[in-house]
Amino acid sequence: MNSKELKAREITDVFSFQHIEDSVDFMHSYGTLMSYYKCAIMEIETKFNVLNVEFSLRYDRNPINSIKTRLKKPMSLKEKLEKKNLPLNLETVEKNINDVAGVRVVCSFEKDVYMLADALLKQDDIKLVSMKDYIANPKPNGYRSLHLIVEVPIFLANEKRIMKVEIQLRTIAMHSWASLEHQLRYKKDFDFNEYVASELLECASLSENLDKKMDNLRKLLQIDDDFE
Ligand code: 0O2
């Protein structure tokens, strides 16, 4: 099976069909909706790349270390709808799942997280749907990041569509903690016990200290101090 066939199999396995014609129609609608989300991801990614270029011209450093994007997998969509007790169809996906399209921006300093979020939210085609500041208020397990759900327009040949995108902004230290914690949490046959959880919490506090120390160095070296 090639990768296209594998993807089609994944979708038909998750969304079950009684008739083959239903599945053909559905695959088309699913592909179309996902392509809209991909366009929204491209819009947001470009906006961050533009901000990165502007900032590096002005201050000779990059606030963005890396950008990663993803579309939520069919199985994750199904699980999320089940958790919300909602029927599994494309209308409920578009209406109720805010993170079908995801953009993760890894920043150099904590200050950059807020600077980039502010600069994006000031743009007149972006509408903030919700914000969760897990940097100011970390999750009990130690997770830190700034989460935004935004609406962004995409312009097609004959229509304009407003799409939702989840943006996660975090520093390199926050990202390294979250990536490793995620790996451990989903590791098969691994006993995620209280000891592991408390060690991870301590690592989260070390990572927070690292961000603070790095920020102190940035201030000491007066790097882009004048940026408002
Ligand atoms: P994936 O594969 O990363 O997409 P909601 O979307 O509002 O219904 P929730 O859980 O309230 O659900 O959203 P929240 O708190 O904003 O977090 C959603 C995403 O943040 C997760 O996506 C993770 O990417 C990340 N995240 C949140 N908490 C943690 C954590 O404790 N550890 C790590 N490593 N990441 C976290 P998904 O859907 O879980 O998966």
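First listed ligand is number 1; within each ligand, the first listed atom is number 1. Nothing fancy with the numbering, it's 1 onward along the sequence.
- Distances from ligand 1 to the non-hydrogen atoms of Lys83 include no value under 4.0 Å.
- Residue Arg70 approaches ligand 1 through these ligand atoms, each under 4.0 Å from one of its heavy atoms: 4 (O).
- Considering backbone and side-chain atoms alike, Glu181 places an N or O below 3.5 Å from some N or O of ligand 1.
- Nearest to atom 17 (O) of ligand 1 among the protein's heavy atoms is His147 CE1, 3.5 Å.
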From CA spacing to verdict: side-chain contact (heavy atoms from CB on, under 4.5 Å), Asp124, Ile126: CA-CA 6 Å; Asp124 60 13; Ile126 292 286; over 6 Å; no
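- Taking 4.5 Å as the limit, every side-chain heavy atom of Arg144 sits out of range of all side-chain heavy atoms of Arg170.
- Looking only at heavy atoms of the protein, atom 26 (N) of ligand 1 is closest to Tyr143 CZ, 3.5 Å.
- Just one of Lys80, Lys164, Lys73 meets the salt bridge (charged side-chain N to carboxylate O under 4.0 Å, His left out) condition when paired with Asp99; it is Lys80.
- Protein heavy atoms are found less than 4.0 angstrom from atom 5 (P) of ligand 1.
- Polar contact with ligand 1: absent for Arg170 (N/O pair, distance under 3.5 Å).
- If you number the atoms of ligand 1 from 1 as listed, the ones under 4.0 Å from a heavy atom of Lys132 come out as 7 (O), 9 (P), 11 (O), 13 (O), 14 (P), 15 (O), 16 (O).
- Set against the non-hydrogen atoms of Arg185, the atoms of ligand 1 under 4.0 Å away are 30 (C), 32 (N), 33 (C), 34 (N).
- Ion pairing of Lys47 with Asp125 is present here, as a side-chain N (NZ or NE/NH1/NH2) and a carboxylate O approach within less than 4.0 Å.
- Close approach of ligand 1 to Lys139 is summarised as follows: ligand atoms under 4.0 Å from at least one heavy atom of the residue are 15 (O), 27 (C), 28 (N).
- Annotation: Glu159, atom CD; neighbour count of heavy atoms from other residues, nucleotides and ligands within 6.0 Å is above 12.
- Ring-plane geometry between His147 and Tyr134 is classed as perpendicular, the angle between the planes exceeding 60 degrees on a 0 to 90 degree scale with a lower cut at 30.
- Just one of Ile162, Leu156, Asn158 meets the side-chain contact (heavy atoms from CB on, under 4.5 Å) condition when paired with Lys160; it is Ile162.
- Pro74 places a side-chain heavy atom less than 4.5 Å from the side chain of Tyr30.
- Within ligand 1, counting atoms from 1 as listed, the ones closer than 4.0 Å to a heavy atom of Tyr134 are 14 (P), 15 (O), 16 (O).
- Closest to atom 23 (C) of ligand 1, if we only count protein heavy atoms, is Gln168 NE2, 3.8 Å.
- Nearest protein heavy-atom neighbour of atom 31 (O) of ligand 1: Asn141 ND2, 2.7 Å.
- In summary, the atoms of ligand 1 found under 4.0 Å from a heavy atom of Ala178, numbered by their order in the structure, are 34 (N).
- Atom 8 (O) of ligand 1 has Lys80 CE, 3.5 Å as its closest protein atom, hydrogens excluded (heavy atom only).
- Of the residues listed (Ile172, Val113, Thr171), the one engaging Asp211 in a side-chain contact (heavy atoms from CB on, under 4.5 Å) is Thr171, and it is the only one.
- Every atom of ligand 1 is numbered from 1 in the order shown, and the set under 4.0 Å from a heavy atom of Lys72 is 4 (O), 38 (O).
- Clustering of Ile, Leu, Val, Met, Phe, Trp and Tyr side chains at separations under 4.5 Å places Leu210 together with Phe109, Met214, Leu217, Leu220.
- The shortest separation from a heavy atom of Asn98 to ligand 1 is not under 4.0 Å, leaving the residue out of contact.
- Each of the following atoms of ligand 1 lies closer than 4.0 Å to a heavy atom of Arg104: 3 (O), 24 (O).
- Considering only heavy atoms from C-beta on, Pro63 comes within 4.5 Å of Asn52 through its side chain.
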